[in-house]
Each structure stands twice: as structure tokens, then as C-alpha cells.
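Heads up, the thing below is written out as C-alpha cells.
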Number of protein chains: 2
Amino acid sequence: MGATKTEHFTDKQNALATLTKALGHPARIAIMEYLIKVDACICGDIVNHLPLAQPTVSQHLKELKQAGLIKGEVEGNSICYCIDEKAIGKLLSYFTALANRIEKKNSCC
Amino acid sequence: MGATKTEHFTDKQNALATLTKALGHPARIAIMEYLIKVDACICGDIVNHLPLAQPTVSQHLKELKQAGLIKGEVEGNSICYCIDEKAIGKLLSYFTALANRIEKKNSCC
DNA sequence: ATTCTTTATCGTAATATTGCAATATTAAAT
DNA sequence: ATTTAATATTGCAATATTACGATAAAGAAT
């Protein structure tokens with residue numbers, strides 16, 4: 001086993017899990033925060049701000065990109081990365097809905 | 001290696017990664033949604049609503065609990081699980097802040 | 001006391017993730 | 001054309017996750 005049984009869950013559940021899983025690592029959180037902190041898309045410069053080797057950072061960027069959390073465009077001999085707002089929007093609306101649904105309940109714990 | 005280098009990141013980054021990582025599996029998303037859908041804490045009954053064996057569900061519940069996303073109290077010979085609102089609050093406020101910070105930027109991608 | 005029910009834990013196999021050195025790629029700069 | 005700079009890919013070792021059968025634990029019901 002070891003493989004997630006995605007086929008047993010809904011597309012929405014899988015899609016959300018893909019986003020949260022991609023954010024489920026402090027290095028990828030740090031990358032997202034750095035992309036936001038700097039007031040533009042980052043072309044290069046990410047590796048130097050993380051305590052990880054270049055191949056490791058590259059791999060994390062790849063995962064964030066595959067999950068749809070960031071976009072990357074080639075720009076000269078470097079690559080311009082920036083946050084994909086849509087993904088953050090999805091996360092925000094999901095957790096907003098979740099919080100609303102919880103508020104309406106009588107908590108029994 | 002295979003072990004996350006948590007020591008290189010901030011407590012906040014690690015804390016958030018813990019929450020998102022716990023939600024980074026469709027079964028755990030499904031558990032959270034089921035806990036909210038049913039209008040009370042669930043005592044038992046979770047296993048029957050998931051396409052996974054009982055030990056697997058138990059393990060997922062353990063992870064959600066360790067991450068602080070759910071609370072569990074013994075109640076007779078079953079256990080009463082419910083969402084921990086604080087954790088959802090943390091996620092919501094984090095993504096809200098993130099979205100706000102993005103909105104203020106000039107998007108360059 | 002025994003059985004039933006519910007949940008947890010142990011053990012283990014299959015698979016995935018993390019991290020990095022080495023190397024490749026690609027385009028700019030000289 | 002060669003060198004330099006930035007990023008990606010490959011290959012691999014260490015570790016973590018996922019899943020579940022078997023078993024344990026603990027209270028409820030008989």
C-alpha cells in the first residue's frame with residue numbers, strides 16, 4: 001500500500017487535498033511567503049533565501065507549480081515565479097465556508 | 001534523507017505546515033467534512049462512511065487530532081470526535097491575510 | 001462472567017517524500 | 001565559441017506515509 005486511494009473520494013476532496021498537501025511543508029510555506037513578501041514576481045533569488053540546496057528548492061517549486069499554487073514563466077536565463085491567486089482564492093473560500101458551517105452548529109465538545 | 005528540516009524554518013511556518021499537511025489527504029478532508037455535515041459530534045459512525053478499513057481511519061483520526069484539527073473525548077465505549085474551531089480559525093486567518101497581501105500587489109505574471 | 005461493540009495499536013508491505021551531489025540544460029555575457 | 005549564471009533533472013539514500021490484517025483494550029449489554 002502506501003499509495004493514497006484517491007479514487008474513493010470526490011474530485012473536490014482530492015483537489016483540495018492536492019492544494020493543502022503542497023502547502024504541507026514548511027519550505028513550501030516559506031517559498032509562498034517569500035513570493036508575497038517581495039513586491040513582485042521573483043526571477044531567481046529564491047534559492048539564496050532558503051536553507052536548502054538548489055535541487056531541493058527546485059523540487060519544491062515544481063510541486064507548488066504542479067499543485068497550481070504558483071506560476072512560472074521563463075524570462076531570459078532565469079524563471080519568474082509568482083503566486084497563482086486563484087489557488088489562494090480556492091483555499092480561502094473553502095475555509096471560509098467551513099468556518100461558517102461550524103459557527104452555525106451547537107458545539108457539543 | 002526523507003526527514004523534513006523543520007529546524008530551519010520559523011515556528012509559525014512549521015505550525016501552519018502541520019495543519020496543512022494534516023489536511024493534505026482526501027480521507028482526512030472527508031473526515032473533516034463529515035464531522036461538519038452531521039450536526040453534532042460523532043460518536044462512532046465515521047468508519048462506516050469512509051471507504052477505508054477501520055485501522056486506517058483510526059490512524060487518520062489520530063493525525064488530525066495530533067495536528068489539533070479535531071478533538072476527541074471518550075464517551076462510553078465509543079469516542080466523540082468533533083472539529084476544533086481554533087485550528088480552522090488559524091487557517092482562515094492565515095489565508096485571509098495571504099489573500100489580502102496578494103491583492104495589494106501589482107501582478108506581473 | 002461472557003459476549004458484543006467500538007476504537008486503538010502493532011506489525012508490516014507498498015509506496016511516497018525529502019534532500020542533495022552530480023550532471024544537464026539553456027540563455028546571457030564576454 | 002567559451003564562459004558564466006540560473007534552473008532543471010537524474011539518481012540515490014534516508015525517512016515518512018498509507019493501508020490493512022491481526023490483535024488488544026475497555027466499556028456496554030446480556
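Residue numbers start from 1 in every chain, and the chains themselves are labelled A, B, ... in the order their sequence lines are given, proteins ahead of strands.
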| field | Relative orientation of the end axes in the helix from C/dA1-D/dT30 to C/dT30-D/dA1, expressed as an angle to the nearest 10° (five pairs per end) | value | 20°
| B/Met32 side, atom CE; B/Cys82 side, atom SG - distance, nearest 0.5 Å | 10.0 Å
| said: Quick check against the 3.5 Å criterion: does A/Thr96 have a side-chain atom that pairs as donor or acceptor with the backbone of A/Leu92? | reply: yes
| query | Ignoring hydrogens and geometry, is there a side-chain-to-backbone donor-acceptor pair from B/Thr20 to A/Leu23 under 3.5 Å? | reply | yes
| task | Could you state the atom-to-atom distance from NE2 of A/His8 to C1' of D/dC20 in whole Å? | result | 12 Å
| Which ring pair (Phe, Tyr, Trp, His ring centres under 6.0 Å) pairs, counting each pair once, include a residue from residues 46-74 of chain A, with sequence neighbours left out? | A/His25-A/His60, A/Tyr34-A/His49
| salt bridge (charged side-chain N to carboxylate O under 4.0 Å, His left out) pairs, two or more places apart, involving residues 20-36 of chain A | A/Arg28-A/Glu63
| request: Output all residues satisfying side-chain contact (heavy atoms from CB on, under 4.5 Å) with A/Ala15, sequence neighbours left out; order by chain, then residue number. | output: none
| Counterpart residues, ring pair (Phe, Tyr, Trp, His ring centres under 6.0 Å), relative to A/Phe9 (two or more places apart) | none
| task | Can you sort out the partners of B/His8 under side chain to side chain donor-acceptor pair (under 3.5 Å), two or more places apart, ordered by chain and number? | result | none
| Under the salt bridge (charged side-chain N to carboxylate O under 4.0 Å, His left out) rule, what pairs show up with a residue in residues 10-20 of chain A, not counting sequence neighbours? | none
| field | Whole-Å distance separating the OH atom of A/Tyr81 from the C1' atom of D/dA6 | value | 11 Å
| More 5' along DNA chain D: B/Thr4 or A/Lys5, using each one's nearest nucleotide? | B/Thr4
| request: Return the residues of residues 17-29 of chain A meeting this criterion: a heavy atom under 4.0 Å from some atom of DNA chain D. Order them by number, or give none. | output: none
| Roughly, in whole Å, what's the span from CD in A/Glu73 to C1' in C/dA27? | 17 Å
| field | Donor-acceptor pair, side chain of A/Ser58 and main chain of A/Gln54, under 3.5 angstrom | value | no
| Selection: residues 47-54 of chain B, any non-hydrogen atom under 4.0 Å of DNA chain C | B/Gln54
| query | Can you name the residues that form a side chain to side chain donor-acceptor pair (under 3.5 Å) with A/Thr10, not counting sequence neighbours? | reply | A/Gln13
| query | Which residues, if any, of residues 56-66 of chain A bring a heavy atom under 4.0 Å of DNA chain C? | reply | A/Thr56, A/Gln59, A/His60, A/Glu63
| field | Counterpart residues, ring pair (Phe, Tyr, Trp, His ring centres under 6.0 Å), relative to B/Tyr94 (two or more places apart) | value | none
| field | Nucleotide nearest B/Pro55 (side chain, heavy atoms from C-beta), chosen from D/dG21, C/dT15, C/dC20 | value | D/dG21
| query | So how far is it from B/Leu19 CG to B/Leu91 CG, rounded to the nearest 0.5 Å? | reply | 5.0 Å
